[in-house]
Amino acid sequence: MDISSKRKKWKIRHDRKSMMLKVHFKEKRREDFRLGRSRYTPSFLSEPQGSTNYHFLKAPDNFSLVSNENEVLAFIDEINSYYQKKEPVFINMDTVSTLGNGAILLLLANMILFREKGINFNGSKPNNITLRQELETSGFFRHLYKTGKDGMNYTVGTPLSKIYTHAQKEVDTEAADRIIEVASETVWGEKRRCTGVQRTLIELMHNTNNHAGSKKGEKHWWISSNRDQKNQVATISFMDFGMGIFDSLNNKHPGDLFYGWKDLFSKFFPWADSSDKIMKLILEGELHKTCTGKSYRGKGLPGIYSAYKKGKLGKLIIISNRVYADIGNDDFHLMNGNLHGTFISCEINNTIFNLPWV
């Protein structure tokens with residue numbers, strides 16, 4: 001056999017092997033994408049690798065802002081303390097048995113803060129198979145290792161994912177519609193309009209855009225939806241990382257309608273001597289009425305409270321600064337920690353007011 005024949009046979013074998021490797025590579029890429037894995041970096045390692053000097057932080061087993069607010073806020077404060085020092089952290093999620101939307105939003109927001117500053121942020125997946133699969137299919141881990149910076153929008157998963165999260169700075173009515181559209185199919189088996197939920201989300205986006213930061217459009221808002229097919233319930237959570245309700249009020253400047261609100265409020269409601277008691281009065285519109293002399297309905301927190309009272313929102317939780325409010329159970333109390341921003345969670349269930357989609 002001459003040399004040219006040998007080369008031809010070698011080339012045929014080489015090309016065949018290369019083609020098989022390419023096919024395998026593409027199949028692996030598709031599988032990684034489906035499971036939310038990164039090809040290039042292990043998704044939440046079982047233990048950190050390399051020379052990075054991580055600080056190990058154990059996530060609460062009940063990682064839910066709604067049902068374990070004090071422990072979760074203490075944990076997030078600890079993460080933030082290392083961010084301020086520009087030191088990397090490794091989040092141990094091995095024993096997490098409950099994972100709420102609020103905790104996911106807090107974790108995502110902190111993850112992005114670390115990434116945009118070039119600080120390493122890593123961790124382990126939950127041992128709980130269900131939670132692990134939910135996070136993997138949501139695209140959570142894929143997003144963790146996404147390269148580059150996006151100062152405006154973040155999207156984790158799709159509206160069809162069990163857990164879907166979207167973040168932006170501008171008002172996005174389409175994002176609200178997409179979330180409600182898919183959530184309504186979970187509850188009623190068809191698309192339905194939930195006017196109270198839609199109005200609430202748009203109002204919260206506007207509020208974040210206009211008031212959460214020191215200037216307009218400075219802060220992100222985050223929306224996350226979690227769909228429970230078995231119980232036909234969808235939970236939608238909204239969070240902004242601005243000053244929060246009470247810090248915002250306390251930072252009003254002379255000339256603002258609410259400047260000096262605390263002194264004026266104490267004259268009319270001397271018994272409301274703590275933020276948790278004041279929160280209920282804010283929801284009922286009494287703060288606006290006291291400071292402006294006009295009733296306030298339809299917008300802001302009083303509008304959200306009114307929508308709940310009219311049956312347009314399901315279970316409603318509001319957390320801001322040091323106040324926790326479970327509206328349905330009339331549970332208003334102070335927390336040990338401070339949420340720097342505002343978190344609002346509501347349910348879409350088959351009891352709330354709804355209309356045909358078209």
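Nothing here was measured: the structure is a model prediction, and the numbers come from that model.
- For the side chain to side chain contact (heavy atoms under 4.5 Å, CB included) test, residues two or more places apart in sequence or in another chain that qualify with Gln198 are Asp177, Ile180, Ile202.
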Name every donor-acceptor pair, under 3.5 Å, that has one atom in a side chain of residues 311-320 and the other anywhere in the protein, sequence neighbours excluded.
| residue | atom | partner | partner atom | Å |
| --- | --- | --- | --- | --- |
| Ser320 | OG | Ile245 | N | 2.9 |
| Ser320 | OG | Gly341 | O | 3.0 |
| Ser320 | OG | Thr342 | OG1 | 3.0 |

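- Sorted by first then second residue, the salt bridge (Lys or Arg N to Asp or Glu O under 4.0 Å) pairs that include residues 79-89, not counting sequence neighbours, number zero.
- At a threshold of 4.0 Å, the pair Glu181-Lys191 counts as salt-bridged, since one of the basic side-chain nitrogens sits closer than that to a carboxylate oxygen.
- Under the rule for a ring pair (Phe, Tyr, Trp, His ring centres under 6.0 Å), Tyr305 has no partner lying at least two apart in sequence or in another chain.
- Considering only residues two or more places apart in sequence or on other chains, Ala183 meets the side chain to side chain contact (heavy atoms under 4.5 Å, CB included) condition with Ala234, Ile348.
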Applying side-chain hydrogen bond (donor to acceptor under 3.5 Å, both in side chains) to Asn226 and Thr235, what does each step give before you reach the verdict? CA-CA 5 Å; Asn226 191 309; Thr235 302; over 6 Å; no

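- Considering only residues two or more places apart in sequence or on other chains, Glu190 meets the salt bridge (Lys or Arg N to Asp or Glu O under 4.0 Å) condition with Arg192.
- Residue Val233 is found outside any hydrophobic cluster, as its side-chain heavy atoms come under 4.5 Å of no other Ile, Leu, Val, Met, Phe, Trp or Tyr.
- Sorted by first and then second residue, the pairs that involve residues 96-116 and meet ring pair (Phe, Tyr, Trp, His ring centres under 6.0 Å), not counting sequence neighbours, are Tyr83-Phe114, Phe114-Phe121.
- In this structure, Asn354 contributes its side chain and Cys194 its backbone to no donor-acceptor pair below 3.5 Å.
- Aromatic ring orientation, Phe90 versus Phe56: tilted (interplanar angle from 30° to 60°).
- Side-chain contact of Asn128 with Ser97: a donor-acceptor pair under 3.5 Å is absent, judged by distance alone.
- Residues passing the side chain to side chain contact (heavy atoms under 4.5 Å, CB included) test with Ser67, sequence neighbours excluded: Asn62, Ser64.
- Here the CG-CE distance, from Leu105 to Met239, works out to 5.0 Å after rounding to the nearest 0.5 Å.
- Using modelled atom types, one finds a donor on one side chain and an acceptor on the other under 3.5 Å when comparing Asn231 with Asp228.
- More than 12 heavy atoms of other residues, nucleotides or ligands sit less than 6.0 Å from atom CZ of Arg178.
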Show your reasoning for whether side-chain contact (heavy atoms from CB on, under 4.5 Å) applies to Glu78 and Tyr82. CA-CA 7 Å; Glu78 190 175 11; Tyr82 290 111; 4.1 Å; yes

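- Applying the salt bridge (Lys or Arg N to Asp or Glu O under 4.0 Å) test to Asp276 and every residue at least two apart in sequence or in another chain returns nothing.
- For the residue pair Asp247 / Asn250, no side-chain donor-acceptor distance below 3.5 Å is found, with atom types taken as modelled.
- In this structure Asp330 satisfies the side chain to side chain contact (heavy atoms under 4.5 Å, CB included) test together with Lys280, Phe332, sequence neighbours excluded.
- Going from atom CD1 of Ile104 over to atom OG of Ser224 covers 5.5 Å, rounded to the nearest 0.5 Å.
- Judged purely by distance below 3.5 Å, without hydrogens or angles, the side chains of His206 and Glu170 never pair a donor atom with an acceptor atom.
- The ring pair (Phe, Tyr, Trp, His ring centres under 6.0 Å) pairs that include a residue from residues 338-358 number zero, where partners must be two or more places apart or lie in different chains.
- Each of Arg227, Lys230, Gln232 was compared with Thr186 under the side chain to side chain donor-acceptor pair (under 3.5 Å) criterion, and only Arg227 meets it.
- Put simply, CD1 on Ile76 and CG on Asn338 are 13.0 Å apart, with the number rounded to the nearest 0.5 Å.
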